[in-house]
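Working notes, structure below.
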Amino acid sequence: MERDHGAVGTTSRPALAERLFGPLPFARQAHTHALSTAADTFFAVSLAGSLFFNVSVDAARPSIILYLAVTMAPFAVVAPIIGPVVDRVRGGHRLVIALTCVGRALVCLVLARHLKTLLFYPEALTVLVLGKTYSVAKSALVPRLVTDPEALVTANSRLSRIGTLSGAVGGGVAVSLLSVTSGAWTLRAAAVVYLAATVLASRIPRPEPAGPVAHSLEHHELHAPRVVLASMAMSVLRLAIGFFTFLLAFALKQEGEPAWVFGAVLAVGGAGGLLGTFVAPPLRRRLSEEHMLALALVVPAALSVVAALSFARLEIMVAALAIGAGANVGRQAFDSLLQHHAPDADRGRAFASFETRFQLAWVLGAMGPVVFLPSPWLGMLALTAILLVGAGALVAGLRAAASRGEPPHVRDLLAVTDEAPVAIHLLLTAEGLAGEGFHDQAILVAGAAADACPDGGADHAPARHDLTDLRRRAVVDSADMDEGDSGLAIALAAQVIAHARSN
C-alpha cells in the first residue's frame, strides 16, 4: 500500500515530507497543486506584463474592462457543465485534474503567439475556465482523500499554504523571466510547469466512486441556511479582493509609484494568505465555520479604515495582509462546510455552482475601481463598508436561522387531531427530539413513523427513498446531523403519512 512508502529510508525525510505535504494519498494531490499554482502564477504575470504595466492608465482601462467582461459573462453558461463533468467523467476527479493541467499547457503555447491579437481574449478565457474546473475538481477530491470531517480545514489550509508558497516562488521566477524575455516566453514556461503537474496528477490515487444521492436531499443540503449564509459571506470576501486589487493598482499607478510597490503589496497579501493557512485550523477548533467567516470579514474591515485615513505604503500593506489572511481563513471555512455538507456524488456540481458565484463577485468588485476610478481614501472607505455590511448580514442571518431552527410543526403539516394514528404520534416524538437537539434520533424516529403508515403510503416512493438515505446517514454519521437534516426527515415522513391518509 502507498501508506507504507514513508517507512523506506530514514525517518526524518518522510516525516519532513509529511509535515509539508500531508500523509498519503493526500500528498499526491498536494504535489500536483504546488505545480499547478506555480504555473498559474506564470500565466498571471505574463498577462499583467502585457495588459497593464507597459501602458498608461487610460490605455490600460479598456483592455482590462474587456478582459473582466470576458471572464465574467460565460461562467453562467459554463457552471452547469463543469460540475456534472467533474462528478460523472469516467476516471473521476483525478482525470479531470490531469486534463485541465494539460489543457492549460496547450492553450498557453497557443496564447504565446496571440498576445497582441483579438484571439488573446477567448484563449485567456479558456485558461481561466480550465483553471476553475481544476479548482472545482481539487476541492471535490479533498474529502475523498481525507475521510475525517474534522481534518478538512487542516487539509484545505495545507493545500492553500502549498499554493501560496509555490505561487510566491513561481511569481519570483516568472517576474525575473519576464524582465529578461517577454510575456510570450513566460507563457511557454507556464506550459512546461502545467505539463509537469499533469504527470504528478496521474499519480493521485483513484478513490472509490460515490453512490447516487437523492435529488431533494441534495437540494436541501445545498440550500440549508448555514450553506447559503456562508456562500454570501464568501462572495463578499471575493468582491472585496477584486475591488482592493484593482483600486490599489490604479491608485499606485496614478501616483507614479514604481511597479515593484504594487508587487510588494501583492506579496504582503500573499503572506497574509499564508498566515491564514496557519490561523484557520486552530480557529476551527474554537469556532464554527460561520463564525470564522464573520471574523474574516470584520478584521480586514477594521484595518481598511486605517488605510483609508492614511493611504501610505505601510497602512496599505497592513490592509493587504489582513485582507489576504481574512480571504484565506474564509475560504478554508467555506470549503470545509461545503465538503462536509454537500452530497458526495454531486460535490463537483456544488463547488462549480459556488465558484461561479465567487468569480462573478470578484469581477464585479474589480469593475468598480476600473470604471469609476475613485480616490484612494474613498475607495478604502467603500471597501470597509462592503466588508462590514457582509459581516452584519451574516450575523443577522445566523441569528434569524437560530431563532427559527426548529423543524416544521407536524400539527401544521398534517392537521393532527387527538385521535392521530401511531405514525403521527411517532412523528410528533421525532419533532420533540429534534427540538431538543437529538437530530440523529429524530431522523430515525421519523423513519419509523413512515414505516408505520398503511400500505397506501408506499406509493409515495420519492419521499420514502430520500428518507431512507437520511436514515442511513444518521446511522453512519450520527454526530454530523443537524436541525436541517432532522427537519427534512420530519417533512418527508409527513409527506408519506399525508399521502397514506389521502388514499
Is any side-chain heavy atom of Val127 closer than 4.5 Å to one of Phe43? yes
Using the side chain to side chain contact (heavy atoms under 4.5 Å, CB included) rule, take Asp440 and Leu433 through it: C-alpha gap first, then chi angles, then the decisive distance, then the call. CA-CA 9 Å; Asp440 57 328; Leu433 288 168; over 6 Å; no
Does the side chain to side chain contact (heavy atoms under 4.5 Å, CB included) test come out yes or no for Trp362 and Ile241, once each step is laid out? CA-CA 7 Å; Trp362 182 88; Ile241 293 168; 4.1 Å; yes
Nearest non-hydrogen partners of Thr277 and Ser160, listed with the distance: CG2-OG, 3.5 Å
Once you round to the nearest 0.5 Å, how far does CG of Leu159 lie from OG1 of Thr164? 10.5 Å
Report yes if the side chains of Thr468 and Arg472 come closer than 4.5 Å at any heavy-atom pair, otherwise no. no
Do the charged groups of Asp40 and Arg104 touch, with an N to O distance under 4.0 Å? yes
Where do Asn328 and Leu274 land on the side chain to side chain contact (heavy atoms under 4.5 Å, CB included) test, with the steps shown first? CA-CA 8 Å; Asn328 198 291; Leu274 182 62; over 6 Å; no
So, the side chain of Gln29 versus the backbone of Lys138: is there a donor-acceptor pair under 3.5 Å, distance only? yes
So does Val228 get a backbone contact from the side chain of Ser231, meaning a donor-acceptor N/O pair under 3.5 Å? yes
Tell me, with the steps shown, if Val329 and Leu295 meet side chain to side chain contact (heavy atoms under 4.5 Å, CB included). CA-CA 9 Å; Val329 168; Leu295 193 65; over 6 Å; no
With heavy-atom distances below 4.5 Å as the criterion, would you say the side chains of Arg238 and Gln359 are in contact? yes
Give me the atom names and distance for the closest heavy-atom approach of Ala442 to Ser486. CB-CB, 4.1 Å
If you round to the nearest 0.5 Å, how far is CG of Leu444 from CZ of Phe438? 13.5 Å
State, yes or no, whether a side-chain contact exists between Met380 and Phe243 at a heavy-atom distance under 4.5 Å. no
Considering all heavy atoms, the nearest Ile162-Ala30 contact: CD1-CB, 3.5 Å
Could you check whether any side-chain heavy atom of Glu290 comes within less than 4.5 Å of a side-chain heavy atom of Val395, counting everything from C-beta outward? no
When you compare the side chain of Met234 with that of Phe354, does any pair of heavy atoms fall below 4.5 Å? no
Can you confirm whether the side chains of Ser36 and His33 place a donor and an acceptor under 3.5 Å from each other? no
As an exercise, state the distance from CZ of Phe246 to CE of Met367, rounded to the nearest 0.5 Å. 9.5 Å
I want to check something: taking the side chain as every heavy atom from C-beta on, are Val298 and Leu387 in contact at a cut-off of under 4.5 Å? no
Please answer whether the main-chain N or O of Phe334 pairs with a side-chain N or O of Glu289 as donor and acceptor at a distance below 3.5 Å. no
For the OG1 atom of Thr126 and the CG atom of Leu106, what is their distance to the nearest 0.5 Å? 11.5 Å
d(Leu383 CG, Leu247 CG) to nearest 0.5 Å is 7.5 Å
Which pair of heavy atoms, one from Ser166 and one from Ala38, lies closest together, and at what distance? O-CB, 3.7 Å
Quick check: does any side chain N or O of Arg203 sit under 3.5 Å from a backbone N or O of Val199, one acting as donor and the other as acceptor? no
Smallest heavy-atom separation, Tyr194 atom then Ala105 atom, equals CB-CB, 3.6 Å
Can you tell me how far the CG atom of Leu303 sits from the CG atom of Leu321, to the nearest 0.5 Å? 8.5 Å
Please walk me through it: do Asp451 and Arg471 pass salt bridge (Lys or Arg N to Asp or Glu O under 4.0 Å)? CA-CA 12 Å; Asp451 292 341; Arg471 293 166 75 180; 3.0 Å; yes
Taking the side chain as C-beta and beyond, is there a heavy-atom pair between Met232 and Leu394 under 4.5 Å? yes
Are any side-chain N or O atoms of Thr100 and backbone N or O atoms of Ile97, one a donor and one an acceptor, separated by less than 3.5 Å? yes
Is Ser135 reaching over with its side chain to a backbone N or O of Gly131, donor-acceptor style, under 3.5 angstrom? no
Using every non-hydrogen atom in the two residues, find where Arg94 and Ile204 come nearest and quote the distance to one decimal. CD-O, 2.5 Å
